[in-house]
Structures are given as structure tokens and as C-alpha cells.
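In what follows, a single structure is set out as C-alpha cells and then discussed.
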Amino acid sequence: DTEVTQTPKHLVMGMTNKKSLKCEQHMGHRAMYWYKQKAKKPPELMFVYSYEKLSINESVPSRFSPECPNSSLLNLHLHALQPEDSALYLCASSPSGPDEKLFFGSGTQLSVL
Amino acid sequence: AQSVTQPDIHITVSEGASLELRCNYSYGATPYLFWYVQSPGQGLQLLLKYFSGDTLVQGIKGFEAEFKRSQSSFNLRKPSVHWSDAAEYFCAVGAGDGLTFGKGTHLIIQP
């Protein structure tokens with residue numbers, strides 16, 4: 001299994017909602033990532049978990065809260081988002097470190113109304 | 001901090017023609033370098049990577065890239081493009097704190 005699976009594929013939420021994005025991989029990778037990608041822009045790193053510990057947090061607003069329950073799962077909890085947070089949210093994994101090749105999921109397209 | 005420049009926002013190539021996408025990086029040491037491809041609404045797929053050793057790197061789908069330290073470049077090439085190569089191409093550099101992506105080059109294939 002060489003896939004990174006993200007659910008849901010699409011999400012529409014209001015600014016007062018609480019929702020979660022989920023990511024799963026079964027490649028035995030120990031590093032997992034959240035990226036945010038606006039239309040026609042490159043992905044921007046949000047968070048890195050290495051061996052289930054948060055190792056990089058790129059000054060992301062607290063309305064985004066990551067969680068890594070185990071080495072195969074990565075969640076992104078969303079609360080009180082703004083319309084400008086609408087974007088494609090990409091999860092990725094790599095064998096151990098942040099400079100290795102990343103395996104990306106297909107992303108969750110998020111729209112905040 | 002490291003940075004990546006992809007000078008071409010759009011490139012149009014005829015099907016069957018050769019392709020070169022440019023990438024320049026800025027980093028104090030030899031970084032890890034990557035090329036990814038993204039189709040609309042999809043995640044990114046790794047085409048190839050350079051860590052060390054041979055400066056000509058072979059990747060998937062017939063792509064190759066050449067690392068030139070003197071020019072701080074890592075250009076992507078393909079001898080003959082197919083219509084299915086139309087996509088967004090990102091060059092990325094890794095320097096210990098996660099990958100930094102260039103702004104991307106949108107590749108259009110003309111029949």
C-alpha cells in the first residue's frame with residue numbers, strides 16, 4: 001500500500017462550525033505533514049509530525065489544530081474558520097524526516113462560507 | 001532560508017516536442033531537490049529527487065533533471081511530451097525544516 005488517504009474529499013462549512021480532516025497511511029512512515037494550497041499557488045507547509053510529535057508549526061492560526069493519534073493517522077481540527085481559509089488541504093507522509101520524498105494524498109477541498 | 005524560483009509561469013509545448021522546465025534554488029549548502037507534478041484538484045506526485053551523487057537524475061514518466069551546482073539550477077527535461085503531461089510542475093528544496101516549493105510552471109500541450 002503506497003497511498004495516503006484523505007477524507008473527506010470535499011467539505012463545505014460555515015464560520016461557526018467545527019470539522020475535522022483525516023489522513024491515513026500504512027506505509028510505515030514516521031513523518032506526516034499538513035500543507036495548505038490556494039488556487040494557482042504552491043503548497044505551503046502548516047505542520048510536521050515526526051514520530052508522532054509535533055516538530056514544525058509554521059505559525060498557523062489556532063483555529064487549525066493538528067492531532068497525530070498514532071503513526072498512521074493525522075487529523076486537522078477546524079474551528080471558527082474564515083472564508084480566506086478556503087483552500088485545498090494536502091496531507092503527506094515520508095519515511096522519517098522532513099527532507100525526504102513526500103507521498104501526498106489527493107487533498108480535501110475546503111470551502112468556508 | 002532556502003528559496004526556489006521557477007521563472008516560467010506558463011509554458012506551451014507541442015505534443016512530441018522536447019521540454020525543459022527551469023528551477024533555480026538559493027541555499028548555503030547542497031540541498032535536497034525535488035520535482036513534483038500536480039493535476040487539477042489532485043495531490044502532488046514525485047517525479048524525481050536529487051540528494052547527492054550523479055548530477056543527472058532519472059525519474060518516472062520519462063523525465064530527467066540535471067543538478068548544476070555552479071548555476072544553482074535543477075532543470076527538468078523530457079525528450080518528447082505527451083498530451084497527458086499537461087499539468088502544474090513544482091520544483092522544491094528541502095533544507096531540514098520541510099520542503100519549500102517554487103510557484104510552479106503550468107505546462108500546456110498543443111496538439
Side-chain angles (χ1 to χ4, degrees), chain A residues 2-11 21 23-25 27 29 31-50 54-60 66 86-111, chain B residues 1-11 21 23-25 27-52 57-60 63 65 74 87-108:
Chain A
T2 59
E3 284 194 351
V4 176
T5 304
Q6 289 188 244
T7 55
K9 293 195 181 302
H10 302 274
L11 179 62
L21 309 184
C23 176
E24 189 169 6
Q25 57 88 14
M27 294 178 278
H29 290 174
M32 296 186 76
Y33 312 74
W34 281 115
Y35 280 83
K36 174 183 177 180
Q37 186 178 26
K38 301 282 278 185
K40 301 188 186 301
K41 298 290 186 182
E44 296 178 349
L45 183 64
M46 300 175 72
F47 303 104
V48 180
Y49 273 84
S50 181
L54 184 63
S55 62
I56 295 175
N57 177 341
E58 293 287 352
S59 302
V60 178
S86 298
L88 181 68
Y89 288 83
L90 294 164
C91 174
S93 69
S94 68
S96 60
D99 288 340
E100 300 174 313
K101 61 182 181 181
L102 302 185
F103 292 76
F104 281 86
S106 297
T108 295
Q109 187 66 55
L110 174 66
S111 297
Chain B
Q2 68 274 21
S3 66
V4 181
T5 302
Q6 292 180 248
D8 303 306
I9 297 174
H10 300 278
I11 282 190
L21 302 182
C23 173
N24 293 95
Y25 68 90
Y27 183 58
T30 299
Y32 297 155
L33 295 163
F34 307 83
W35 274 101
Y36 283 86
V37 61
Q38 185 179 33
S39 297
Q42 297 296 310
L44 283 74
Q45 182 183 22
L46 178 69
L47 290 174
L48 46 80
K49 65 183 189 298
Y50 174 78
F51 284 176
S52 64
V57 180
Q58 301 298 319
I60 63 171
F63 286 94
F74 188 57
E88 193 79 18
Y89 290 79
F90 291 99
C91 182
V93 59
D97 56 358
L99 296 191
T100 298
F101 288 86
K103 294 191 175 188
T105 297
H106 185 62
L107 177 62
I108 300 167

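Here is the naming used below: chain letters follow the sequence lines, and residue numbers restart at 1 for every chain.
- Counting all heavy atoms, side chain and backbone alike, B:Gly102 lies closest to A:Pro42 at O-CB, 3.0 Å.
- Only the side chain of B:Leu46 comes within contact range of chain A, judged by heavy atoms closer than 4.5 Å.
- Residue B:Phe101 holds its CZ atom at 8.5 Å from CD of A:Gln37, rounded to the nearest 0.5 Å.
- Using a 4.5 Å cut-off between heavy atoms, B:Gln45 makes no contact with chain A at all.
- Here NZ of A:Lys101 is found 12.0 Å from CG of B:Leu47. Values are rounded to the nearest 0.5 Å.
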Intermediate values then yes/no, side chain to side chain contact (heavy atoms under 4.5 Å, CB included), B:Leu99 and A:Tyr35: CA-CA 10 Å; B:Leu99 296 191; A:Tyr35 280 83; 3.6 Å; yes
From CA spacing to verdict: side chain to side chain contact (heavy atoms under 4.5 Å, CB included), A:Leu102, B:Phe34: CA-CA 10 Å; A:Leu102 302 185; B:Phe34 307 83; over 6 Å; no
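- At most 12 heavy atoms of other shown residues, nucleotides or ligands fall within 6.0 angstrom of atom NZ in A:Lys9.
- Using a 4.5 Å cut-off between heavy atoms, B:Gln42 touches chain A through backbone and side chain atoms alike.
- No other option in A:Gly105, A:Pro43, A:Gly107 has as many heavy-atom pairs under 4.5 Å with chain B as A:Pro43.
- Under the side chain to side chain donor-acceptor pair (under 3.5 Å) criterion, B:Asp8 pairs with B:Arg22, sequence neighbours left out.
- Looking at A:Gln6, there are no atoms closer than 4.5 Å to chain B (heavy atoms on both sides), in backbone or side chain.
- Within a 6.0 Å sphere centred on CD1 of B:Ile9, other residues, nucleotides and ligands contribute 12 heavy atoms or fewer.
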